[in-house]
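Comments concern the structure below.
Per chain, numbering begins at 1; letters A, B, ... match sequence-line order. Predicted model only: the values in this text are computed from it and were never measured.
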Protein chains: 2
Amino acid sequence: MATPQPNEFSILMNKKPNLQQCADPQTECITCPIRKMALFRGVPEEELGWTQEFRDAQYLLPARESLYREGDIAHSIYTLFDGWVILFKILDNGKRQILRFVLPGDFFGFQVSGTGAGAGYTHGAQALIESTLCAFPRTRLRSMMEKQPQLAIGLAEMGMHDMTLCQHHLIGTGRKNARESIAFLLLELFYRVRMQMQDGFDEATNSIIFPLTQEDIGDAIGLTSVHVNRVLKEMEREGLIRCQRKHLTILDEETLMEIGQFHPGMIAPRELV
Amino acid sequence: MATPQPNEFSILMNKKPNLQQCADPQTECITCPIRKMALFRGVPEEELGWTQEFRDAQYLLPARESLYREGDIAHSIYTLFDGWVILFKILDNGKRQILRFVLPGDFFGFQVSGTGAGAGYTHGAQALIESTLCAFPRTRLRSMMEKQPQLAIGLAEMGMHDMTLCQHHLIGTGRKNARESIAFLLLELFYRVRMQMQDGFDEATNSIIFPLTQEDIGDAIGLTSVHVNRVLKEMEREGLIRCQRKHLTILDEETLMEIGQFHPGMIAPRELV
DNA sequence: CCGTTTTATTGATTTAAATCAACTAAACGG
DNA sequence: CCGTTTAGTTGATTTAAATCAATAAAACGG
């Protein structure tokens, strides 16, 4: 239940802490390698110059750094270009619920409360490892969608995919035990990293880069880090996984899938029709 | 953890059981009283004749009847015109997780697995009370959105709203105790019924029609009906609520909101920008 | 109206996971 | 490299909610 340390300065100034604008953005939208799975999937090649014009800036966010906090004025929406970001909410009792794991190509930051330019984010966003983000001005989203219906369709499709993941997390916390829930989460992240992070997956060892702490796992599925530890150790003893040094290896995929009631198809992104 | 009884006939025939097509639809889309909050909110008046042409049929679904089951081929997407529908998933262990409470004006049935015309629903849908539905052919959704970008924007906005509710349920099951979680759910449904169901709210008694069983409540937030009963009884003894005979009365709204950490603004539907 | 089924209620007991409490191992920052 | 912080590990104990069990009260369907 780690409470991210509030950065007093950044709150006072309503500025992003330690957020470096890339002087020389790593990619033009038109050649962006993650575009296929991102928001602009459906936007035709010849329109992408315009997309890039819409893009605000590309930022580099250091590991463990907060991108925004709940309540911050929502100037931007983001696509994660590279890295690993969590979206979360802190409750009155200090407990934290992780709402989403954002991987490269995912789109986030559009859930706000209030209306117009002063609307605030309903959740916080924080990098687990150093991350590169593409920011777009929130206020121009609507006009952009009106010009480019494919963008609105893409947004609806991504929303549907996020919804599917959220529902599976709900099923996990609501109706699965710790073992089942953890098995599902590990497999979900394993498959998503494999699909979305070019350098995150090592085929030789069947392992992924896995920057979550046991506390992060617990905050995602409603358990304490102590209990997460016990279950992970048990799974390691049984030869199902290995989870240490920020790497996750799946040793017995079949058994783990059975425990977690997981099938890759259930989390695959899909078209609306 | 009630398992809805499979209707053998309907499964074999892949037919909707007891679903009556209204010979004389109750409304033209152009005069539909719930249109303001539904999918076609943004569609200009002069385009609505065309919307209605897209509409497949209007159906009447009796209380407790299933509209579709997980895996059924997804021919239609729906707007609920009147009534109360739940979307749920049954796990391998027989437990049920309710994913969404659908109220008048809400749009559902677009979450499918697989692609193309053979795609199947990822969840089941069942009426809690007699419900009237507007059905639209799923396969024509994309072309319709391409012609009418407002529709895609509306869909993205509704998706965002559903996502907000789902995340709050996730927070409830993950990081709140039974009392907090139940308080939130009761208030959420109370406010939504008040906003979305013209005849569902009685101002004189501050009560709503509330067709959920205690098992439904439990299946929505990950508790057993026995424990839900104990918490509800305790809340009644404390004079916070009255929940009987399919009606819910909020007696001490302020205290209940504090317990549930609920504010009406957090579940209000909102525009994307 | 009456038998049947579903839903609600309450008590006794068990259990999965939380909490409390050390302690060890890794990662981090000069 | 070394002190400091953060993350992981393990055991003992408690607790919120599940399970088991038995009625009571409503709702339903002729």
Determine the contact category for A:Gly218: base if any of its heavy atoms lies under 4.0 Å from a base atom, sugar-phosphate if only primed atoms, P, OP1 or OP2 are that close, otherwise nothing.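 Result for A:Gly218 = nothing.
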Does [N] have OP1 or OP2 under 4.0 Å away from a side-chain N or O of [X]?
| X | N | answer |
| --- | --- | --- |
| A:Asn229 | D:dT9 | yes |
| A:Gln214 | D:dT9 | yes |
| B:Thr224 | D:dA17 | no |

Determine whether the side chains of B:Thr164 and A:Gln111 contain a donor N or O and an acceptor N or O closer than 3.5 Å. yes
Testing the 3.5 Å rule here: is there a donor-acceptor pair between the side chains of B:Gln167 and A:Gln97? no
Nearest to side-chain heavy atoms of [X], which nucleotide of [options]:
| X | options | result |
| --- | --- | --- |
| B:Thr213 | C:dA17, C:dA8, D:dA17 | C:dA8 |
| B:Val226 | D:dA21, D:dT10, D:dA17 | D:dA21 |
| A:Leu223 | D:dA12, C:dA17, D:dT19 | C:dA17 |

Could you check whether [X] pairs with [Y] (Lys NZ or Arg NE/NH1/NH2 to Asp/Glu carboxylate O, under 4.0 Å)?
| X | Y | answer |
| --- | --- | --- |
| A:Arg179 | A:Glu238 | yes |
| B:Glu234 | B:Arg237 | no |
| B:Asp219 | B:Lys95 | no |

Would a distance-only check, ignoring hydrogens and angles, find a side-chain to backbone donor-acceptor pair under 3.5 Å from B:Thr173 to B:Leu170? yes
Kindly state whether the ring of A:Phe184 and the ring of A:His168 have centres lying under 6.0 angstrom apart. yes
What bend angle does the helix from C:dC1-D:dG30 to C:dG30-D:dC1 show across its length, from five-pair end axes and to the nearest 10 degrees? 70°
Within this structure, what is the [atom1]-to-[atom2] distance between [X] and [N], rounded to whole angstrom?
| X | N | atom1 | atom2 | value |
| --- | --- | --- | --- | --- |
| A:Lys176 | D:dA18 | NZ | P | 18 Å |
| A:Asn177 | D:dA16 | CG | P | 21 Å |
| B:Arg237 | C:dT9 | CZ | P | 11 Å |

Got a list of protein N/O to nucleotides 24-30 of chain D N/O distances below 3.5 Å?
from	atom 1	to	atom 2	distance (Å)
D:dC28	OP1	B:Arg64	NH2	3.3

Go through it in stages, so that I can follow the logic: the residues are A:His169 and A:Glu188, the test is side-chain hydrogen bond (donor to acceptor under 3.5 Å, both in side chains), and I'd like the CA-CA distance, side-chain angles, deciding distance and then a yes or no. CA-CA 10 Å; A:His169 290 165; A:Glu188 177 206 318; 2.7 Å; yes
Do A:Tyr121 and A:Arg69 have side-chain heavy atoms sitting under 4.5 Å apart?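 They are not in contact (no side-chain heavy atoms under 4.5 Å apart), so the answer is no.
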